[in-house]
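To start, the structure itself, in structure tokens.
Letters A, B, ... are given to chains in the order of the sequence lines, protein chains preceding strands, and every chain is numbered from 1. Worth knowing before you read on, the calculation uses all heavy atoms, side chains too, and leaves out hydrogens, waters and symmetry mates.
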Amino acid sequence: MLDRTYLRENPDEVRDALENRGADVDLDEILAIDERWRELKARGDELRHERNQITQQIGTYVAEGNEEKREQAIEQSRELKGEIEEVEAEADDLQEELQERLLEVPQVPHESVPLGLDERHNVEDRRWGFDDLRELPGEVVPHYELGEEMDIIDEERGAKTTGAGFYFLKGDGARLEHALIQFMMDVHREQGYVDLFPPVPVKSASMRGTGQLPKFADDAYRLGDSNDEDYDDEDLWLCPTAEVPVTNMYAGDILLDDDLPLKHQAYTPNFRREAGEHGTETRGIVRVHQFNKVELVNFVRPEESYDRLEGLLDEAEEVLRRLGLPYRILELCTGDLTFASAKTYDIEVWAPADDMDDGPEEGGRWLEVSSASNFEEFQARRAGLRYRPERHESAEYLHTLNASGLALPRVMVAILEYYQNEDGTVTIPEALRPYMDDQELIEGHEKVGESALGAGKRE
RNA sequence: GCCAGGAUGGCCGAACGGUAAGGCGCACGCCUGGAAAGCGUGUUCCCUUUGGGAUUCUGGGUUCAAAUCCCAGUCCUGGCGCCA
């Protein structure tokens, strides 16, 4: 959420910034509401002042036993009460509306963010790992075919038990998932992250704190009620990213200056509705309703947040470097920033199987595995995350940042495709082998059930 | 789930229905050769800041007036029950 005073004092700057994002916000209306609210607030304060004085007088009259003056004052106070109620009722309505409007105003982009309308204007900073590629099969089999063939990814049965967009990992597939989680958390622990295992359902208030609500209710899974119904602060949602529980963990708290920078990592499942996202680009496990992710969340002093963003990006990249997976770094343009973010880098891993137009010259395509973002005060103001820079001074909002480190299914896609061998097996990246009992190769499993017979996969 | 008790500033902790003591911490000032002690001031948010308003977990109610009385909720503690 933006600061009201800042908004009041820099309307043109904010207007430009929001326009650059392509945000549809009527700033003038917000400012008009604020203006009117301040008038009423001043009037209400005045009336209350009057009444406070009268009420105090009554106390004196009672002590003196001055019956007549007491009655008179009480009558006066009653009158004022009605007037105050009227003025304040309107002020409260405006205040509430202002609050609602402000919750829907996105973050102002940082000055260094490239201008642009959408993803086409994102700027590629650099690539890693393409100079020394491993030798790939003549025809790389897409992960969804290979995964089914090897019987390590079972989408059909996931759809059966739960629905489209859910899948089983099996055998070496499931094992690879666990290995990746442990591996990633070890890497980040080396980088100074403290592990968290958060609760998976989160309250509406938490979702609001990080910016998922109120605007993006449709993307989330709500527990116990339809997304169309009104929700309360206490209503629960399935965690869409560990960013939500972890960032809100310190909501309303005042951290000590010494606590910062505070770095947490959390592994959780993530649930997203992804309505209407079906097609060739999303075949397999590239876009699913439930996936695992190790999330990195940083709480830092405001003046350090942009340095930390670079550090955070590097910490997330480290996972791909150790896995030997080629990737690139994008700087998101103003039009492609997420709601709460002031600046974002995307990390996109290379998945060589499906040739797509916007992929690299080597073929294949890019898959986003992480977004490293600086939210500055935006989430801190919503969630009430503060710290005290100097002991005697008042508490200030800190800055929050986060990045995936990384989203697992897409990393798995990259491994299954990039580490694929001519004979259809997959070499396990060296860094992962210690987590898989030094296994070097994924060869797959014999399929189970009568359908395997009919397909000629079993005899 | 039931019963009982509780929630007051950064922290601790008082307050017959009459308008939030005191202490600690921290900062600044005075004092001092310097420090400690002592003394003074300050230490939540909002507004149109020589001033005013709000604020005792949250939301309602009673009253001229609520930290205080009533109702509902949240969380914490203890006891009982249930339970992987």
Side-chain angles (χ1 to χ4, degrees), chain A residues 1-9 30-99 101-102 197 199-209 223-224 230-237 245 248-260 262 299 301 377 380-398:
Chain A
M1 192 163 57
L2 301 180
D3 180 18
R4 260 154 80 177
T5 314
Y6 179 78
L7 216 69
R8 229 175 260 156
E9 287 167 3
I30 291 176
L31 289 169
I33 295 169
D34 180 58
E35 179 70 32
R36 173 81 182 129
W37 170 78
R38 282 188 297 161
E39 279 169 22
L40 288 168
K41 158 90 171 135
R43 174 80 186 129
D45 282 359
E46 224 171 87
L47 291 170
R48 269 192 185 267
H49 175 55
E50 244 179 272
R51 196 169 75 118
N52 282 344
Q53 287 185 322
I54 292 169
T55 303
Q56 266 180 50
Q57 273 300 315
I58 295 175
T60 323
Y61 295 144
V62 169
E64 289 169 356
N66 192 333
E67 199 61 24
E68 191 186 334
K69 284 202 163 180
R70 189 184 73 105
E71 284 307 324
Q72 212 176 348
I74 286 177
E75 184 51 38
Q76 222 178 335
S77 173
R78 275 210 185 97
E79 277 170 30
L80 277 171
K81 187 180 184 178
E83 213 174 325
I84 289 170
E85 268 169 13
E86 213 171 291
V87 171
E88 290 194 341
E90 194 185 341
D92 286 351
D93 286 349
L94 288 173
Q95 170 86 308
E96 200 176 313
E97 183 170 356
L98 198 55
Q99 186 68 11
R101 299 271 189 128
L102 284 172
F197 201 123
V200 173
V202 287
K203 292 180 184 180
S204 309
S206 299
M207 293 279 279
R208 189 185 321 110
L223 292 180
D230 289 344
Y231 52 83
D232 291 330
D233 276 6
E234 313 291 325
D235 287 335
L236 293 174
W237 307 72
N248 285 285
M249 184 176 178
Y250 300 108
D253 282 356
I254 296 175
L255 301 182
L256 300 173
D257 186 59
D258 287 345
D259 294 332
L260 306 180
L262 187 59
F299 303 83
R301 298 180 192 96
E377 284 187 10
R381 180 170 284 113
R382 289 176 160 239
L385 301 163
R386 294 182 298 167
Y387 81 113
R388 207 178 291 284
E390 296 286 343
R391 273 300 179 75
H392 65 286
E393 284 178 3
S394 59
E396 285 180 18
Y397 291 114
L398 45 76

(request) Could you tell me whether the side chain of Lys203(A) reaches within less than 4.5 Å of the side chain of Leu236(A), counting heavy atoms only? (result) yes
(message) If I take atom CG from residue Leu260(A) and atom CZ from residue Arg301(A), how far apart are they, to the nearest 0.5 angstrom?
(response) 5.5 Å
(request) To the nearest Å, give me how far apart CD1 (Ile54(A)) and P (U19(B)) are. (result) 17 Å
(request) At under 4.0 Å between heavy atoms, which parts of nucleotides 51-70 of chain B does protein reach? Answer with one letter per nucleotide, 5' to 3': B base, S sugar-phosphate only, - none. (result) -BSS---------BS-----
(request) Take atom OH of Tyr387(A) and atom P of C26(B), then tell me their distance rounded to the nearest Å. (result) 20 Å
Protein-nucleotides 48-50 of chain B N/O pairs closer than 3.5 Å?
| unit_1 | atom_1 | unit_2 | atom_2 | d |
| --- | --- | --- | --- | --- |
| U48(B) | OP1 | Arg38(A) | NH1 | 2.5 |

(message) What is the separation between atom CG on Leu236(A) and atom C1' on U74(B), rounded to the nearest whole Å?
(response) 13 Å
(message) As a check on the pairing definition, encode RNA chain B in dot-bracket form, counting Watson-Crick and G-U wobble pairs whose two distances are under 3.5 Å, and using | for partners outside this strand.
(response) (((((((..(((.....[...)))((((((.......))))))((((...))))..(((((..]....))))))))))))....
(request) Considering only atom C1', compute the distance from U68(B) to G61(B) and round it to an integer number of Å. (result) 15 Å
(message) With rounding to the closest Å, how many angstrom separate the P atoms on C2(B) and C47(B)?
(response) 43 Å
(request) Name all residues meeting the side-chain contact (heavy atoms from CB on, under 4.5 Å) criterion together with Asp259(A); count only those two or more places apart in sequence or in a different chain, and write none if there are none. (result) Leu255(A), Leu256(A)
(request) Could I get the full list of salt bridge (charged side-chain N to carboxylate O under 4.0 Å, His left out) partners for Glu96(A), not counting sequence neighbours? (result) none
Donor-acceptor contacts under 3.5 Å from residues 68-83 of chain A side chains, at least two apart:
| unit_1 | atom_1 | unit_2 | atom_2 | d |
| --- | --- | --- | --- | --- |
| Arg70(A) | NH2 | Glu67(A) | OE2 | 3.1 |
| Glu83(A) | OE2 | Arg43(A) | NH2 | 3.0 |

(request) Return the set of residues passing side-chain contact (heavy atoms from CB on, under 4.5 Å) with Arg381(A) (not counting sequence neighbours), or none when no residue passes. (result) Met1(A), Asp3(A), Glu377(A), Tyr397(A)
(request) Kindly write out the residues that satisfy side-chain contact (heavy atoms from CB on, under 4.5 Å) with Asp45(A), not counting sequence neighbours, or none if the list is empty. (result) Lys41(A)
(request) Could you work out the separation of C71(B) and G25(B) based on their P atoms and round it to a whole Å? (result) 41 Å
(request) Specify the residue among Asp34(A) and Gln56(A) whose closest nucleotide of RNA chain B lies further upstream toward the 5′ end. (result) Gln56(A)
(message) Distance check, C1' atoms only: U41(B) and G6(B), in whole angstrom units.
(response) 35 Å
(message) Taking G18(B) as the reference, what is the distance to G10(B) when you measure between their P atoms (whole Å, please)?
(response) 26 Å
(message) Could you tell me how far apart Gln57(A) (CD) and G18(B) (C1') are, to the nearest whole angstrom?
(response) 12 Å
(request) Give the minimum heavy-atom separation between Leu223(A) and Pro201(A), together with the two atoms involved. (result) CD1-CB, 4.0 Å
(message) Using the side chain to side chain donor-acceptor pair (under 3.5 Å) criterion, which residues pair with Tyr231(A)? Sequence neighbours excluded.
(response) none
(message) In this structure, how many angstroms lie between the C1' atom of C11(B) and the CD1 atom of Ile254(A), rounded?
(response) 11 Å
(message) Going by the rule side-chain contact (heavy atoms from CB on, under 4.5 Å), which residues pair with Ile33(A) if we only count those two or more places apart in sequence or in a different chain?
(response) Leu94(A), Glu97(A), Leu98(A), Arg101(A)
(request) Between C31(B) and G40(B), how far apart are the P atoms? Round to whole Å, please. (result) 15 Å
(message) Can you check the distance between A27(B) and U77(B), where both ends of the measurement are the C1' atom (answer in whole Å)?
(response) 36 Å
(request) Could you work out the separation of G42(B) and U74(B) based on their C1' atoms and round it to a whole Å? (result) 35 Å
(message) Which residues pass the ring pair (Phe, Tyr, Trp, His ring centres under 6.0 Å) test with Phe299(A), not counting sequence neighbours?
(response) Tyr250(A)
(message) Going by salt bridge (charged side-chain N to carboxylate O under 4.0 Å, His left out), name the residues that satisfy it together with Glu90(A), two or more places apart in sequence or in a different chain.
(response) Arg36(A)
